[in-house]
Amino acid sequence: MSVEPEVPIVQVEEVRENPVLYKIISSDNHVFTISEHAVKLSKTLWDLITNLGLTAENALDNPIPVENVNGKNMETIVQFCERHKYDEEEPEYTNYIREFVLPEWDRQLLSIDNEELFQLILATNYLDIQKLMDYCCRVIGDMAKDKTPEELRIIYGIPTDAEDDALERSASDSPGPSG
Amino acid sequence: MEDGDRPFPLLRLPDNPLQRIVLLMGRFEQFALSLVSNRSKELVKSIDLSSPINITVDEEEVSISIHKRMYVNIRCSFADDQVAIDNLPSEMVKPTVTSTRGRHSFTRSRKGYRFDDWLSHCLEVFHQSEKMPSTHRRYVENPPFLHNPDYAYIDGGYDVRRADGATASIRFDNFVYFMFIVLN
């Protein structure tokens with residue numbers, strides 16, 4: 001794998017405790033280094049690393065391209081994973097409401113505009129990072145606090161039933177790819 | 001949402017984050033979301049919430065109470081005439097929805113919704129429809145409203161039980177719209 005980075009390497013955090021580092025290349029060719037403990041928080045990346053057979057010896061020579069995530073989101077994700085790499089493992093996801101408190105550091109990290117938050121949660125979903133997913137979901141869910149249905153329609157951009165029906169009709173009226 | 005910020009496009013998210021977001025909301029917010037549109041209602045239904053539901057009939061209002069564990073969590077209160085008047089336009093059926101814990105509330109109608117539609121909505125969203133069967137038959141002894149004892153039974157509707165044990169049934173149909181019968 002020989003992808004030449006077009007921009008300087010972003011060193012998010014020096015890792016002294018664990019010498020194993022991996023390189024990740026975002027969709028817009030930003031290069032990030034991330035420690036082994038941190039990258040394990042992403043099930044997708046860790047599966048990829050395992051399947052590619054990357055080891056401490058060859059990891060830095062084989063950057064991992066992630067085509068679905070841009071540099072801005074990857075920077076946030078790497079920061080998050082480095083911050084939480086030694087956290088206790090989360091229990092398996094269950095269908096109960098978990099009363100966790102969003103730490104202030106993470107609330108600051110996720111204080112971004114709605115479009116960025118949308119892109120970040122898509123990236124988090126793709127990379128399968130459970131804790132970051134929960135934190136993003138908490139931030140988005142908190143937008144609904146004490147709001148009326150009319151306010152929720154505006155906050156979440158939810159179309160009315162009439163708008164949904166019109167959209168469905170226009171989709172079914174429009175010719176398909178072959179027509 | 002900050003001023004000038006675009007709406008967060010909730011319904012464009014994949015199922016996994018979408019359902020987690022709703023799961024992490026409070027009951028009041030989940031219920032409010034279910035009232036925004038049919039799509040948002042289906043979303044709230046998809047996370048399989050289960051909350052017992054009671055109907056309370058007072059002198060001046062009828063309430064649908066949604067419980068969380070042992071406590072009433074949300075109350076939808078209808079003025080008496082919003083339930084009793086035949087064919088009242090749905091825009092005039094405007095319950096006050098109150099969070100009994102946080103003391104937040106809103107009053108709103110929903111297009112096409114009368115009392116029984118509101119009740120069905122609550123039962124659907126909180127997965128109680130099967131626990132409140134609307135087809136079972138109950139027999140009435142010496143019914144004051146019927147001359148022919150052969151017809152002394154009620155089909156469908158919902159039972160309401162007062163603290164002293166008195167039981168009544170609320171039934172809806174196309175002719176009288178709303179019927180409230182005290183069974184014993």
- Max heavy-atom pair count under 4.5 Å with chain B, selected residue of A:Glu163, A:Glu150, A:Glu151, A:Lys147: A:Glu150

- Query: In terms of heavy-atom proximity below 4.5 Å to chain A, should B:Arg12 be classed as side chain, backbone, both, or neither?
  - Reply: both

- Query: Is there a donor-acceptor contact under 3.5 Å linking the side chains of B:Thr98 and B:His104?
  - Reply: no

- Go through A:Leu152, A:Thr124, A:Asp161 and name the one with the most non-hydrogen pairs under 4.5 angstrom from chain B. A:Asp161

- Message: Quick one, A:Ile158 and B:Arg39 - any side-chain contact, counting heavy atoms below 4.5 Å?
- Response: no

- With distance as the sole criterion, is a donor-acceptor pair present between the side chains of B:Ser46 and B:Gln19 under 3.5 Å? yes

- Pair A:Asp173, A:Ser170: side-chain N/O donor-acceptor within cut-off below 3.5 Å: no

- Quick one: what part of A:Asp113 sits under 4.5 Å from any heavy atom of chain B, side chain, backbone, both or neither? both

